[in-house]
Amino acid sequence: MTAATTPGHGPLSGVRVVELAGIGPGPFAAMLLADLGADVVRVDRPGGPGLGVAPEHDITNRNKRSVLVDLKAPDGPARVLDLVERADILIEGNRPGVTERLGVGPEACHARNPKLVYGRMTGWGQDGPLADRAGHDIAYIALTGTLGMIGSPGEPPPAPANLLGDYAGGSLYLVVGVLAALHHARVTGTGQVVDAAIVDGTAHLSAMIHGMLSAGHWQDRRAANLLDGGCPYYGTYETADGKHMAVGALEPQFYDEFTRLLGLADFADARGDWTRWGELREAVAARFRSRTRDEWTFVFESTDACVAPVLSLREAPKHPHLAARGTFTEHGGITQPAPAPRFSETPTSVRGGPALPGADTSDVARDWDVPRLADVVEDSGRGTPRHVLENPQ
């Protein structure tokens, strides 16, 4: 059922994945599988599902191939099921019941391929009172308590981009789930459905915090704890040029180094005395405002004070450490994060740019031996089917 292994493409080389096109955590999860070497075929709908990002810049579709299928056309589901028959994993991110109505739900897919791992990515999950409601990252994390931990007292919690819910609580849990289920399928010959919900994954990320809360070591309010900005030696501070430094000097030896380099020897014994934390915070803030970010970076680099400059997205790839490790890479003129994690025997790489909708239909039809896939009615010779699939969400 797996494609021929291609050396140098990562540990998942030979694994075949069908991705039903969507937005957010589904594409990111499929990108991660592709980065790890899987042959990911994205089934795009005519017209596209995106949020306005030009396809050639959507790096969540890198290392993939794309075919165009109109699932509302009479033969659309059959084309996808032909791919499913030869796949190891399918990923979809529609609301519950949508793929069933389109004819490519778990029952239909398992009838063609009992070993298939069917990964479902949603915000609310496949069941529960909110399962059929629309939503986005910020609403999902709001219900889990994690959004409520972020920010300053007396101010609304800030929106932490869509990294915490969509990608950490969503994509990464989907990938863990489908790879665990793939292992089970290869051992037993039986596939299954993986229900990855952002609310579940994001709640799971807070496991340590719930333990601390139960033990009485975490207060259920913002900026009152060791790791949420309540502690003056774990947080961020503004510098003279309006930029910022990040401080994480938690352990005694790191705190001692931090206060020494900052010139605050008088506060050496304030680490464990929370009654002095307000005074300590003011002193630390005043010291950081006395120099620029670059000047403080020079002071703290090559030390164990656990202090680092807060960099922007454009600055980060140029940092000497990240540049030395190749944390970012450039492909097709786009600077982007390199695949992670790293493997000693099966290295990964950015093998190709973002898959353009439908550009790989003929190649996939040949490589996966699904000739019906290439039998697409074209419009004006550009490979766009005349049927237009509406967004099933």
Could you give me the CA-CA distance, side-chain angles and deciding distance for Arg86 and Val370, then say whether side-chain contact (heavy atoms from CB on, under 4.5 Å) is met? CA-CA 9 Å; Arg86 293 157 177 78; Val370 283; 3.6 Å; yes
Expected output: side-chain Asn225 to main-chain Leu227 donor-acceptor under 3.5 Å: no
Less than 4.5 Å apart, side chain to side chain, heavy atoms only: is that true for Ile138 and Leu147? yes
Can a salt bridge be assigned to the pair Asp75 and Arg79 using a cut-off of 4.0 Å between side-chain N and carboxylate O? yes
Okay, side chain of Trp124, backbone of Arg133: is any donor-acceptor separation there less than 3.5 Å? yes
Between Asp228 (side chain only) and Ala224 (backbone N and O only), is there a donor and an acceptor less than 3.5 Å apart? yes
Is it the case that over 12 heavy atoms from other parts of the model lie below 6.0 angstrom from the CG atom of Asp220? no
Are the side chain of Ser214 and the backbone N or O of His210 linked by a donor-acceptor pair below 3.5 Å? no
Under 3.5 Å, is there a donor-acceptor pair between the side chain of Gln336 and the main chain of Ile334? yes
If you measure only the distance, is there a donor-acceptor pair under 3.5 Å linking the side chains of Thr60 and Asp58? yes
Using modelled atom types only, decide if a donor and an acceptor are shared between the side chain of Thr144 and the backbone of Val199 within a distance under 3.5 Å. no
Taking atom CG of Asp304 as the centre, report whether more than 12 heavy atoms of other residues, nucleotides or ligands fall under 6.0 Å from it. no
Without swapping roles, check the side chain of Arg271 against the backbone of Tyr233 for a donor-acceptor pair under 3.5 Å. no
Got a second to check how far Asp35's CG is from Arg62's CZ, nearest 0.5 Å? 4.0 Å
Smallest separation among heavy atoms of Thr348 and Pro11, with atom names: CG2-CD, 4.1 Å
Is it the case that the side chain of Ser13 and the backbone of His9 share a donor-acceptor pair, with hydrogens and angles ignored and the cut-off at 3.5 Å? no
Would you indicate whether Gln253, at its atom CD, is surrounded by more than 12 heavy atoms from other residues, nucleotides or ligands within a distance under 6.0 Å? yes
Can you tell me which residue among Asp363, Asp367, Asp360 is in a side chain to side chain donor-acceptor pair (under 3.5 Å) with Arg65? Asp367
For Tyr237 and His244, I'd like to know if the aromatic rings sit close, meaning centre-to-centre distance below 6.0 Å. no
Looking at Ser66, is its backbone amide N or carbonyl O close enough to the side chain of Asp44 to form a donor-acceptor pair, meaning the two atoms are under 3.5 Å apart? no
Is Arg293 reaching over with its side chain to a backbone N or O of Glu238, donor-acceptor style, under 3.5 angstrom? no
If the plane angle is over 60° it's perpendicular, under 30° parallel, otherwise tilted; pick one for Phe300 and Phe288. tilted
Side chain to side chain, Glu315 and Lys243, heavy atoms closer than 4.5 Å: yes
May I have the step-by-step check of side-chain contact (heavy atoms from CB on, under 4.5 Å) for Asn162 and Tyr167, ending in yes or no? CA-CA 7 Å; Asn162 68 328; Tyr167 298 141; 3.6 Å; yes
Determine whether the side chains of Trp368 and Asp39 contain a donor N or O and an acceptor N or O closer than 3.5 Å. yes
The reported gap from OG1 in Thr202 to NE2 in His204 (rounded to nearest 0.5 angstrom) is 11.5 Å
Between His319 and His321, how do the two ring planes meet: parallel, tilted or perpendicular, split at 30° and 60°? perpendicular
Side-chain contact, heavy-atom cut-off 4.5 Å: Pro27 with Glu19? yes
Leu36 side, atom CG; Leu32 side, atom CG - distance, nearest 0.5 Å: 4.5 Å
Just wondering, are more than 12 heavy atoms of other shown residues or ligands nearer than 6.0 Å to CZ in Phe298? no
Would you say the side-chain atoms of Thr99 and Arg120 include a donor-acceptor pair closer than 3.5 Å? yes
For a quick check under 3.5 Å, do His110 and Tyr118 share a side-chain donor-acceptor pair by atom type? no
Can you spot which of Val41, Val67, Val43 makes a side chain to side chain contact (heavy atoms under 4.5 Å, CB included) with Val80? Val43
Does this structure show an ion pair linking Arg276 with Glu279, if we count only N-O contacts that are shorter than 4.0 Å? yes
side-chain contact (heavy atoms from CB on, under 4.5 Å) assessment of Leu90 paired with Leu116: CA-CA 7 Å; Leu90 179 143; Leu116 181 75; 4.1 Å; yes
Before giving the answer on side-chain contact (heavy atoms from CB on, under 4.5 Å), spell out for Trp277 and Cys231 the whole-Å C-alpha distance, their side-chain angles and the decisive distance to 0.1 Å. CA-CA 7 Å; Trp277 278 10; Cys231 173; 4.1 Å; yes
